[in-house]
Amino acid sequence: NDNHAWWEEERATDGSKWRFLEHKGPVLAPPYEPLPGHVRFFYDGKPMKLSAAAEEVATFFAKMLDHEYTTKDIFRKNFYKDWRKEMTSEEKSKITDLTKCNFTEMSEYFKAQSEARKQMSKEEKLENERILQEYGFCVMDNHKERIGNFRIEPPGLFRGRGDHPKMGMLKRRIRPEDIIINCSKDSKHPKPPQGTRWKEVRHDNKVTWLVSWTENIQGSIKYIMLNPSSRIKGEKDWQKYETARRLKKCVDRLRAQYRDDWKSKEMRIRQRAVALYFIDKLALRAGNEKEEGETADTVGCCSLRVEHIKLYPKMDDQEYVVEFDFLGKDSIRYYNKMPVEKRVFKNLQLFLENKQPEDDLFDRLNTSILNKHLQELMDGLTAKVFRTYNASITLQQQLKELTSPEESIPAKILSYNRANRAVAILCNHQRAPPKTFEKSMQNLQTKVPANQLCVCLCAWMMVEVKRKAVQRLEEQLMNLQMQATDREENKQIALGTSKLNYLDPRISVAWVKKWDVPIEKIYNKTQREKFAWAIDMAEEDYEF
DNA sequence: GGTCCAACTTAGCACATTGCTC
DNA sequence: GAGCAATGTGCTAAGTTGGACC
C-alpha cells in the first residue's frame, strides 16, 4: 500500500529513522559513448582525433556552447585546466590554447541528437517508466515509498550560481566503487553492476539516506533520499510547522527580550539582539561563515559585512533608515530600506565604528552562538524557525484580510495568490521575469476587451433568451481579468518556494475547506502528495 | 570556544509535458 | 494537429543545523 496514512501511526522515540529498508540501489550514469567518426573536433582549423577521455570532457563543453557560461573567463580557465588532466601527453603538447579549439561540429551533433530524441520518445518513455518502476521505489517499514532522486548525477562541468570561483571544473563520473549503500541487514542488498563493487554497504538506521557518494568539486557528500510524499519527509515537515507554532506562543516574550537586550552593556549581547531583530523582522537567513575562494561571495544575517548596510539618520520623511544591499543564497540580491528604532540605529552605528567595508558587522556573533541562545529560549528554536513562523503567520493573516465571502472562485484564488505573494516578498523569493512575459501579458490583455465586447453584444441581443450564455461569458471575462492581474503582480516573484517550504499546508487546506475552493486550484498533484497529511487532518477551523 | 563534517532542508533554473488556440 | 505558452518536474547547488573532537 503506497498511500498509507503514516500520520495515524506511532512515531519512533529512540532516534531510529526506520526498522526495515530495502532498495535496488542507484541508477548509474550511462557510460560514455564515443562520437561517430564524422563528428570532428578542430584545433587551429585542422581536424584532430581526441582520445576517449579527452573527447568526453570536450563534449561537456560542446554541450554548453550556447550558454553564457562558456564565455566567462573563470569558467574557461577552470574547464581548460581540468580538461588538460584528461589529455594524453601528445594532446597536451598539441593543444595549448582554448581559443583555437573549435567544438561547433560536436555542438551541432548534440543539437540534432536531442531533436531526434523528441521524435522517438515513445520507446524511451516506456524505458524510463520501467526504470522508475524498478529503481524509483523502496520498502521502508512495511510501506512502498517513492525515492526522490534515484539517479547518480552524471559527469559534466560544474555550474555554480553567481560568481562562483569553481565554475567550469570537471565534475567527475561516479563509479560503484565510490558509492555507499545504506539498507537494513535483513534486506535484499542492491547488487553492483557485473564486475564492480560498492565502496561499502552499511546498515545505519539513524539516518534516512539510501545511497551516498562524495562529490569532487566541494568534497561534500551527496545523497539519495526519499520523495517528499514519504513518511520520513512528511513527519519531519509536520514537526517543523509544530515547532513554528510553538514559537507563535512565545514570540511576544522573545521580542520583549531582544528589545531589552539592545540596551545590554555587553557588546556581544547587543549584537545578538540586533541580528535576531533582523532575522525576525526581515526574515533573513542565519548566515554561516563561508570559506573564501570555495564558493560565491554571499551572506546571511550573521555574516553581513559593513559594506552591506548603509545608515541614514533621515531619509525623505523617515528617520533612522537602514539600507540593505547584499547577495544572499543562490546569489539572489537582497535590497531593502527599513526604518528601525532609534536604539537599533545607534547600536548599528556603534558596530560600524572603526571598521573597514569588508569587516563583519556582527564581529562578536556567529550562527552557532545565536542558535545556542535561541535553544535556551525555546526548545527546538533555531534561526530558521523564524522564517517558517513569519511566513505561515503572514499567510494566515493575509488570507483572513483579503478573502471576502461573496466573491467568485477566481477572485478567491487571486486573493490566495496575493497572500502567498506577500510571503514570497517577505522571504525575498525572486525570479527573473520570464522571457516571454511581455508577450504573454499582451495576449491576455487583448483577450479581455474582445471578451468585454462579446459580453455586451450578447447581453443586448439575447436579453431574455440566453441569460445562461451571457452569464458564462461574464464569468470567462472575470476569469481573464483575474488571471491578468495575478500574472502582472507575479512578474518577479516566485511563489513555489514558500508554498513548498514555509507555509504550513494546514492553513491553505483550512481556507480551501472554508470557502469551498477545489484543492486542485491551490495544490497540483505533486503538492497534494507532499501535503497529504495536512489535507487529511486540517479542518476549516484550523488555526496556525 | 573553534573547526570540521554529516545530514538534512531550501532554492532557482532547465527541461518536459500539458493544454490551449488557431 | 501544429505551434506555442503555461505549468509541472527533475536536477543539483547552496544553504542550516548539530554533534564530534580538540
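These values consider heavy atoms only, across backbone and side chains, with no hydrogens, waters or symmetry-generated copies.
- Of the side-chain N and O atoms in A:K290, one or more sit less than 4.0 angstrom from OP1 or OP2 of C:dG15.
- In terms of phosphate contacts, A:K222 brings no side-chain nitrogen or oxygen within less than 4.0 Å of OP1 or OP2 of C:dT12.
- One interatomic measurement links the two molecules: CD1 of A:I147 to P of C:dT9, which rounds to 18 Å at whole-angstrom precision.
- With A:W83 as the partner, the ring-ring contact (aromatic ring centres under 6.0 Å, His included) test is satisfied by one option alone out of A:F61, A:F103, A:F75: A:F103.
- Within the 4.0 Å cut-off from OP1 or OP2 of C:dT16, at least one side-chain nitrogen or oxygen of A:N288 is found.
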Given the rule in the salt bridge (charged side-chain N to carboxylate O under 4.0 Å, His left out) test, do A:E294 and A:K290 qualify, once you have shown the distances and angles that lead to the verdict?
CA-CA 8 Å; A:E294 294 291 303; A:K290 300 171 79 187; over 6 Å; no
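- Taking the nucleotide of DNA chain B with the nearest heavy atom to each of A:R387 and A:K206, the more 5' of the two is matched to A:K206.
- A close approach under 4.0 Å does not occur between any side-chain nitrogen or oxygen of A:T367 and OP1 or OP2 of C:dT17.
- Both A:R159 and A:A383 lie near DNA chain C, and the one whose nearest nucleotide falls closer to the 5' end is A:R159.
- Within the 4.0 Å cut-off from OP1 or OP2 of B:dC8, at least one side-chain nitrogen or oxygen of A:K17 is found.
- Remark: the backbone N or O of A:R202 is not paired with any side-chain donor or acceptor of A:E200 at under 3.5 angstrom.
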Pair A:L361-A:Q271, side-chain contact (heavy atoms from CB on, under 4.5 Å): steps then yes or no
CA-CA 9 Å; A:L361 171 63; A:Q271 288 195 0; over 6 Å; no
